[in-house]
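It should be emphasised that the depicted structure is a prediction, and the values quoted were computed from it without experimental measurement.
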Amino acid sequence: MTLEVVTFGCRLNIVESEAIRTQAEAAGLGNVAIVNSCAVTTEAMRQARQAVRRLKREQPDRPVIVTGCGAQVESGVFAAMPETARVLGNAEKMRAETWISLARSNSLASDAEVNPEDKTTVSDIMRETTLQTLSPNAFAAHTRAFVQVQNGCDHRCTFCVIPYGRGNSRSLGVAAVLGQCRKLVENGAREIVLTGVDLTSYGRDLPELPTLGELVQTILRALPALPRLRLSSIDAVEVDDALRQAIATEPRLMPHLHLSLQAGDDLILKRMKRRHCREDAVRFCAEMRALRPDIVFGADLIAGFPTEDEAMFARSLSLIDECGLSYVHAFPYSARPGTPAARMPQLPGEIVSDRAARLRAAAQAAHARHLQARIGRPLSVLTERGNTGRAEDFTLLRFARDVAAGEIVEACATGASGNALLAA
């Protein structure tokens, strides 16, 4: 009997899906499909519902369980679907006893026929005050491993529903993080990625008040055998001095930062309730390049936020060049129920779609320039499955020959195709 886990959304969901799989299999749960949903956009919610229907259509006798942020913030939507057998909140999905109870249940297959309330187990995520240590064994076979060091968010950006899906900010203690990283290195991981919802808030809830930069320095000092350490998305205005020092002096900290920018116009940033202005973003990128000339930047940008006019959008568009962004995740604004931005004057859908398309086109052009600039240059590449690999600055390479996963090799790209460099 097979267990299938379908994941939507962020790297954190990827980490948690591996933990879900490990716990469910250990509990003996089989012949079940689990959808770990995302709530960041209406499109993500639509895709999750579509996946639920597809999974049930493909195997009608297999129960479908829905969890994740979508299940946490809109549990009723999924519970009302006849294809859904059980809806679990974000806290419940991380508890081993949840999966043990489901494995012992004789009624899971018929739960889709009961009242929506009776198949929903979703607690108040705001009551969660600690962060559970996830088993690193789930990533033993991966060349790149993810370690969840933080969850939740204390900020309340007007467009974002994620704090209501994840709860308040919670950090994993330094010793626990170090223990996970050490086991992953022993299991063969060549790169570790530190992940969180609001990664740069790491440590503020811990007694010792460690910063993200201090955590990075501790990991690199304690694990000299770890070739690469990488950070997931960060908030530039929260970068601490220790992290700046690590970026400048630690070659094993990868020269790639993904920034949560969202917009390039100061008034829109204010209406988003962000904590930085346009000049902060531009200055941060310039300062980091001065510290680490080989560093590259990615960013999240939203097109069509409520009240955005063409001049405001143009300032977001030009931020790609002014910050020198190489990787851009461009999103059309998506109104989320219960958020302040959903009550602001909305733009027509065709304007939002047009601006998102223009933002994506500019992002693709920027990434193409990034690739062209690396052709013919020596690159250190961590090989992955499918004869691919990632350079230190996260550039994707495709090899024309067979390469074993998990090796760090020197390569020189001879060309580019799509979103990747080509190497012999």
Side-chain angles (χ1 to χ4, degrees), residues 1-25 27-95 98-99 101-103 105-123 125 160-162 164-166 329 331-339 342 349 352-353 356:
M1 293 190 296
T2 59
L3 174 72
E4 183 175 359
V5 182
V6 179
T7 307
F8 294 93
C10 62
R11 288 190 178 98
L12 200 56
N13 256 14
I14 295 172
V15 177
E16 292 174 344
S17 284
E18 293 293 340
I20 288 170
R21 183 189 304 277
T22 299
Q23 291 181 341
E25 288 178 345
L29 188 63
N31 195 35
V32 167
I34 302 168
V35 175
N36 195 10
S37 63
C38 173
V40 71
T41 64
T42 54
E43 175 62 15
M45 290 288 289
R46 186 194 68 80
Q47 290 177 0
R49 294 193 301 272
Q50 185 180 56
V52 170
R53 296 187 183 99
R54 174 184 60 79
L55 291 165
K56 195 63 177 177
R57 184 171 60 251
E58 291 174 350
Q59 297 190 44
D61 295 333
R62 182 176 62 172
V64 179
I65 299 170
V66 183
T67 186
C69 290
Q72 182 70 41
V73 301
E74 295 189 45
S75 59
V77 170
F78 291 103
M81 296 178 67
E83 297 88 353
T84 302
R86 192 68 62 89
V87 179
L88 303 175
N90 265 335
E92 286 73 19
K93 75 179 183 183
M94 303 314 301
R95 294 174 181 149
T98 297
W99 304 105
S101 175
L102 288 173
S105 173
N106 295 320
S107 60
L108 185 59
S110 62
D111 276 352
E113 302 173 6
V114 304
N115 292 329
E117 297 82 3
D118 295 332
K119 59 181 178 179
T120 303
T121 308
V122 179
S123 61
I125 196 68
C160 187
V161 74
I162 297 306
Y164 308 103
R166 290 285 181 178
H329 293 169
F331 301 93
Y333 169 75
S334 177
R336 304 303 293 122
T339 59
V352 176
S353 297

Inset, instruction - Hey, could you give me the CZ/CZ distance between R57 and R54, rounded to the nearest 0.5 Å? - result: 8.0 Å
Inset, instruction - Report yes if some heavy atom in the side chain of V122 is under 4.5 Å from a heavy atom in the side chain of F78; otherwise report no. - result: no
Legend entry - Shortest non-hydrogen contact from Q72 toward G165: CG-O, 3.5 Å
Legend entry - Whether T41 side chain and S334 backbone form a donor-acceptor pair below 3.5 Å: no
Legend entry - Reported CD-to-CZ distance for the pair E92 and R86, which is rounded to 0.5 angstrom: 11.5 Å
Inset, instruction - Report yes or no: does S37 contribute a side-chain atom to a donor-acceptor pair with the main-chain N or O of T67 at less than 3.5 Å? - result: yes
Inset, instruction - With rounding to the nearest 0.5 Å, note down the distance linking CZ in R53 to CD in Q50. - result: 8.0 Å
Legend entry - T22 side chain vs E18 backbone, donor-acceptor pair below 3.5 Å: yes
Inset, instruction - Working to the nearest 0.5 Å, report the span between CD1 of I34 and CH2 of W99. - result: 4.0 Å
Inset, instruction - Could you walk me through whether K56 and M81 pass side-chain contact (heavy atoms from CB on, under 4.5 Å), step by step? - result: CA-CA 11 Å; K56 195 63 177 177; M81 296 178 67; over 6 Å; no
Inset, instruction - Looking only at non-hydrogen atoms, find the nearest pair between V35 and L55 and report the distance. - result: CG2-CD1, 3.5 Å
Legend entry - Smallest separation among heavy atoms of T42 and R336, with atom names: CG2-NH1, 3.4 Å
Legend entry - Atom of S75, atom of V87 and distance for their closest heavy-atom approach: CB-CG1, 4.1 Å
Legend entry - Given C38, C69, S17, the one that forms side chain to side chain contact (heavy atoms under 4.5 Å, CB included) with F8: C38
Legend entry - side-chain contact (heavy atoms from CB on, under 4.5 Å) between I20 and K93, intermediate numbers included: CA-CA 7 Å; I20 288 170; K93 75 179 183 183; 3.8 Å; yes
Inset, instruction - Would you check if the side chain of N13 reaches a backbone N or O of T7 as a donor-acceptor pair within less than 3.5 Å? - result: no
Inset, instruction - Identify the two heavy atoms, one from A39 and one from V73, that lie closest to each other, and give their separation to 0.1 Å. - result: CB-CG2, 3.7 Å
Inset, instruction - Kindly compute the distance separating CE (M94) from CD (Q23), expressed to the nearest 0.5 Å. - result: 6.0 Å
Legend entry - Inter-residue atom distance N36.CG - L88.CG, 0.5 Å rounding: 10.0 Å
Inset, instruction - Carefully, step by step, assess V32 and L102 under the rule side-chain contact (heavy atoms from CB on, under 4.5 Å). - result: CA-CA 10 Å; V32 167; L102 288 173; over 6 Å; no
Inset, instruction - Determine the minimum heavy-atom distance between G70 and M45, stating which atoms define it. - result: CA-SD, 3.5 Å
Inset, instruction - Please determine which of R21, R11, R166 meets the salt bridge (charged side-chain N to carboxylate O under 4.0 Å, His left out) test together with E16. - result: R166
